[in-house]
There are 2 protein chains.
Amino acid sequence: MPPSTASPGPAPRSYAQLCGIATALDVIGDRWALLIVRELMFGPLRFGDMVEGLPGIGTNTLTVRLKQLESAEVVRRRLLPAPDRATVYELTAYGHELEPILMALGRWGTRSMGRLPVELASRSRWLVAGMLAFHDAEHRVATPTTWELRLTDGPFTVRAEGADVSIAAGPPDRADHRVTVEDGDLHLMLTGRLTPADAVATGASAVSDDDALPGLLTLFAFPAVPAA
Amino acid sequence: MPPSTASPGPAPRSYAQLCGIATALDVIGDRWALLIVRELMFGPLRFGDMVEGLPGIGTNTLTVRLKQLESAEVVRRRLLPAPDRATVYELTAYGHELEPILMALGRWGTRSMGRLPVELASRSRWLVAGMLAFHDAEHRVATPTTWELRLTDGPFTVRAEGADVSIAAGPPDRADHRVTVEDGDLHLMLTGRLTPADAVATGASAVSDDDALPGLLTLFAFPAVPAA
DNA sequence: CGGTATCCGCAAAGATACTG
DNA sequence: CAGTATCTTTGCGGATACCG
């Protein structure tokens with residue numbers, strides 16, 4: 001038995017390599033860590049919301065991960081101001097810098113989705129992350145446009161300006177268009193397996209105007225889904 | 001993306017989420033998996049070389065990971081042809097698509113390297129990965145140029161053409177310049193803490209000609225290292 | 001040498017009950 | 001609601017033994 005290093009507790013497991021990739025994995029390589037970042041991508045969340053968005057995580061594990069990410073300055077814990085007085089978690093600037101990496105990982109992983117087990121959890125936030133990942137950089141809107149997108153788990157704000165698209169959780173202050181649709185039907189439309197016209201005709205989607213849904217869909221270029 | 005192997009035994013742990021990011025993490029989220037991809041980035045390796053490049057991994061863990069990555073079509077196992085008859089592991093096309101993600105992760109993680117423990121392992125391949133990650137996209141070479149870069153663990157081939165830089169393990173067939181230097185001294189030069197002139201003057205680096213080292217260094221733009 | 005298999009010990013993660 | 005405490009289970013690292 002080696003001379004017991006009388007330090008406070010065991011050192012957290014590290015690859016201990018002089019390498020940026022290994023260091024990154026020391027920070028966000030543990031199970032659930034990157035999914036926590038994904039959850040926070042569209043805005044601050046409370047502990048309970050995160051449990052909701054990370055099916056299968058134990059509350060103890062979430063507590064530990066949040067502490068680690070906080071001490072690595074990826075996540076910040078903040079107390080909401082006046083009436084709510086709730087505590088929320090949000091990404092720091094450093095944490096936000098993971099977003100393009102997450103989007104690229106999501107595009108890469110999409111091609112392995114055929115292997116997934118049959119029973120899959122689904123959340124509106126994940127679909128929205130996919131939309132950002134497959135946003136069509138070639139497509140430009142003539143004038144800045146805002147959509148209120150009401151999905152299964154709640155409203156999102158989609159804003160297009162030039163070739164840029166941003167999405168945030170919650171409704172916009174003012175929207176040019178509004179679209180209401182279940183996650184699954186939106187996914188069908190994004191992947192070309194359901195036309196906007198059919199979605200509206202069958203009542204799968206409710207829209208504020210006829211341009212709302214086609215205009216929204218043209219912002220994104222999802223890969224074709226191979227026939228099952 | 002092969003036909004899902006409906007094998008017996010307990011299903012491997014999966015996030016089971018309808019989300020590209022979670023799916024990606026199902027594939028490359030386990031401990032050591034992305035570092036295996038990093039190791040293979042510069043060419044095929046044998047089992048023993050990988051153990052060498054992944055200090056701390058257990059051989060059993062490496063065996064399991066390689067099998068998982070192989071069945072996910074990230075890594076391919078191949079038998080070397082004629083005289084060697086050794087088996088090597090290499091990235092598939094799908095695996096190679098992780099490289100830009102790895103590079104971005106490496107840049108991101110570099111800023112957390114201050115937190116690392118004192119005793120750090122170091123390998124030439126990791127330094128070379130950092131060079132690729134911080135390759136200066138603004139810099140263009142007038143004519144295609146090849147360097148033989150002899151580092152601590154062996155020779156690498158650096159090739160610049162236009163604004164592109166590629167690096168592979170092993171010596172080039174024909175080199176315009178040759179640089180011999182220990183990893184640590186090259187890192188000092190890349191981060192602006194040692195001048196090429198000093199390195200050559202002190203014998204820390206041996207070069208084929210006076211343009212070799214300056215020309216090589218201008219290809220890369222490492223972030224400044226804050227004074228310790 | 002290039003793996004694979006097995007056993008052991010520890011640390012991380014899952015499940016769940018409980019508390020401020 | 002926001003965690004903490006406790007218990008169980010799984011995964012990983014280390015050593016070693018074995019096989020082509």
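We use all heavy atoms of the structure for the numbers below, so side chains are in, but hydrogens, waters and symmetry mates are not. Small disclaimer: the values here were computed from a predicted structure and weren't measured. Chain identifiers are assigned alphabetically (A, B, ...) following the order of the sequence lines, protein sequences preceding nucleic acid strands; residue numbering begins at 1 within each chain.
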Quiz item: Using the C1' atoms of the five pairs at each end, what is the angle between the end axes of the helix from C/dC1-D/dG20 to C/dG20-D/dC1, to 10°?
Solution: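 Terminal axis comparison yields 30°.
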Quiz prompt | Under 4.0 Å protein heavy-atom contact, by nucleotide of nucleotides 13-20 of chain C - B base, S sugar-phosphate only | solution = SBBB----
Could you tell me the separation between the [atom1] atom of [X] and the [atom2] atom of [N], rounded to a whole number of Å?
X	N	atom1	atom2	answer
A/Leu66	D/dC1	CG	C1'	15 Å
B/Leu62	C/dG3	CG	C1'	10 Å
A/Glu70	D/dG3	CD	C1'	14 Å

Quiz item: Which residue pairs pass the salt bridge (Lys or Arg N to Asp or Glu O under 4.0 Å) test when at least one of the two sits in residues 85-96 of chain A, sequence neighbours left out?
Solution: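 Of all non-adjacent pairs touching residues 85-96 of chain A, those that pass salt bridge (Lys or Arg N to Asp or Glu O under 4.0 Å) are A/Arg76-A/Glu90, A/Arg78-A/Glu90.
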Quiz item: Do any of residues 40-51 of chain B sit with a heavy atom less than 4.0 Å from DNA chain D, and if so which?
Solution: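 Within residues 40-51 of chain B, no residue comes under 4.0 Å of DNA chain D.
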If the condition is side chain to side chain donor-acceptor pair (under 3.5 Å), which residues does [X] pass it with, not counting sequence neighbours?
X	value
B/Glu39	B/Arg125, B/Trp126
A/Ser71	none
A/Arg123	none
A/His177	A/Asp209

By side-chain contact (heavy atoms from CB on, under 4.5 Å), which residues pair with [X], not counting sequence neighbours?
X	answer
A/Leu188	A/Asp185, A/Arg193, A/Leu194
B/Ala22	A/Leu35, A/Arg38, B/Tyr15, B/Gln17, B/Cys19
A/Leu190	A/Leu127, A/Met131, A/Leu186, A/Leu217, A/Phe220, A/Phe222

Self-check item: Most 5' of A/Tyr15 and A/Arg77 on DNA chain D, judged by nearest nucleotide
Solution: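 Checking each residue's closest nucleotide, the 5'-ward one belongs to A/Arg77.
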Quiz item: With sequence neighbours excluded, what pairs up with A/Glu99 under the salt bridge (Lys or Arg N to Asp or Glu O under 4.0 Å) test?
Solution: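 Salt bridge (Lys or Arg N to Asp or Glu O under 4.0 Å) list for A/Glu99, sorted by chain: empty.
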Practice problem: Look at B/Lys67 and C/dG3 and indicate whether a side-chain polar atom (N or O) is within less than 4.0 Å of OP1 or OP2. | Solution: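 Indeed not, no polar side-chain atom of B/Lys67 lies that close.
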